Amino acid sequence: MITLFIDNQKVAVKEGTTLLKASEKLGIEIPTLCYHEGLPPYGACRLCVVEIIGEKKNRMVAACSFLVDEGMKVLTISDRVLKRRRMIVEFLLARCPDIKAIRDLADKMGIKKPRFKTKNLDCILCGLCVRVCNEVAGIGAIGFVNRGKKLKVDTPFHLASDVCIGCGACSFVCPTGAIEMELDAVKRFRELLGIEHKCRYSLMGLVSYKVCSNNYECWRCKVDQRIRDSLATHPIFAAKKIKTEKVNQYFSFLKKIQE
Amino acid sequence: MKFNKIDKILEKFNMQKSQLISILQDIQNEFNFLPMEVLGYVAEKLGIPFSLVYHLATFYKTFSLKRRGRHLINVCLGTACHIRGGVRILEKIERDLNIKSGSITLDSKFSLEVVRCVGCCSLAPVIRIDDDTHGRLTQGKITPMLKKYE
C-alpha cells in the first residue's frame, strides 16, 4: 500500500492506481471529459489537471493517467489548477458553445462568455469514440483524420464504413453527443429495450427472433459481450443519447402507423 | 501488377506493423502518391484497421492522397522566402503551368505544392523540384528552368 496526501487528507491506495482513483476514494471530485472507466487512461482533455508539490518546483500533471507515489502531496483545487482548468474550459466553450456538458462545466467555473472566436462544433476531440471502437469493439471503423486544426474523427475517405457493426458504443461514450445513431438503427435497438444482450443478426432480421444458427457464439456476439463488460451497459442504451426532437419525431411516426 | 509491388515492399519490412510509415514512404516512391485501394490492401495485409492507416497518411504532409505529376515542385513560403518574394515566384509558376498550388498539370508533368521552409534560408527565395534545390530565384529564371524538365 502507498500512502499519499490529497488536499492535506491522508489516503492509502494500492500501487499502480491513478491519482483520479485515489481522490475518488476520498470523495474529491475532479472534472473529466476524456476519461472512461472501461478504457485505459488517455490524457487528452487535460481537464483533470492537478498540482503535485515537489521539493523545488510544483508540477502540473493529468490525474487520470498519473500513478500514485509514496508520500506524494497533491493539490486538486489550488489557484494554479483552477486557472488552468478555467482556460481549458474557455477554449472548449469557444469551440462548442452549444454543448450542454461544456456549458455546465463553464457555469460551474463562472465563465459566461469565451474571450476567443467561437466556432459551432460538436466534437471536442477527446478520442473516446476512436478508442472504444479500437480497444473495446476491436473494429477500428473510425479514426482521427488530418492534424492540427483540421483534426477530426472520421471514417477513411469519408465513406460509409464496411467494417462498422453499428454497435453504438461510440455514440454511447461520447461526452458531448456529437455522434448520433441513425434513426433506423435506433428503431432496431428500441424494439429490443428490456430484452438483454441479443444477437446482432437477429436485430437485423437476418435470423429469426429466437433461433441463432451459430448458437449465439459468433464474433459479433462476442463484441457485444465485450462492450457490455467494459462499459457496464449495452449499446442499446446509446439510443437515450439521441436528441429529444428526433425521438419525438420517431414517436409521432409510430403513432401514425398505428392509426 | 500493382499489388505485386506492394507485396515486395511489405516483405522487405517483414510485414511489421511498426514499420507502417516506412512502408507508406516506399509505396509513395513507387506510385508518387498513395492510392486508396493500396491503403486498404496494406491495412488488410498487416492486420491493422484501415482507419489507422488513413490517420497516418493524412497526418504527415509528405504523404499525398491525390495523384502527383512526374515532377513535384515545392515552393518555399517560409518566413525568409516570404520576405524575399516567394509569393511572386509562386504566382509566376502558377501562371506558367496554368494551375493553382496543390494541383497537377493536364499532361501530369508537374504538380505544385507550397511548403514551409526547406531549410536553406540563405538561398531565399527557394523552390525545390524533385531533389534539386534552386535558390536566389527571380521571376525571369523560372520559365527556362521549367523547360529543362521532361
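Treat the numbers as computed from the prediction; the structure is a model and nothing was measured. Naming: A, B, ... by sequence-line order, numbering from 1 per chain.
- The candidate with the highest count of non-hydrogen atom pairs below 4.5 Å against chain A, out of B:Val53, B:Leu52, B:Leu56, B:Thr58, is B:Thr58.
- Proximity to chain A is absent for every atom of B:Ile48, based on heavy atoms less than 4.5 angstrom apart.
- Annotation: side chain of A:Phe66 is not in contact with side chain of A:Leu20 (no heavy-atom distance under 4.5 Å).
- With chain B as partner, the option from A:Cys133, A:Pro156, A:Gly148, A:Gly140 having the largest number of non-hydrogen pairs under 4.5 angstrom is A:Pro156.
- Only the side chain of A:Asn134 has a heavy atom closer than 4.5 Å to any heavy atom of chain B.
- To the nearest 0.5 Å, atoms CG (B:Asp7) and NZ (B:Lys12) are separated by 14.0 Å.
- Looking at B:Leu39, the atoms closer than 4.5 Å to chain A (heavy atoms on both sides) all sit in the side chain, from C-beta outward.
- In this structure, the ring of A:Tyr42 has its center no less than 6.0 angstrom from the ring center of A:Tyr35.
- In this structure, the side chains of B:Leu137 and B:Val126 stay at 4.5 Å or more apart for every pair of heavy atoms.
- Taking CZ of A:Arg86 as the reference point, atom CZ of A:Phe91 lies at 13.0 Å (rounded to 0.5 Å).
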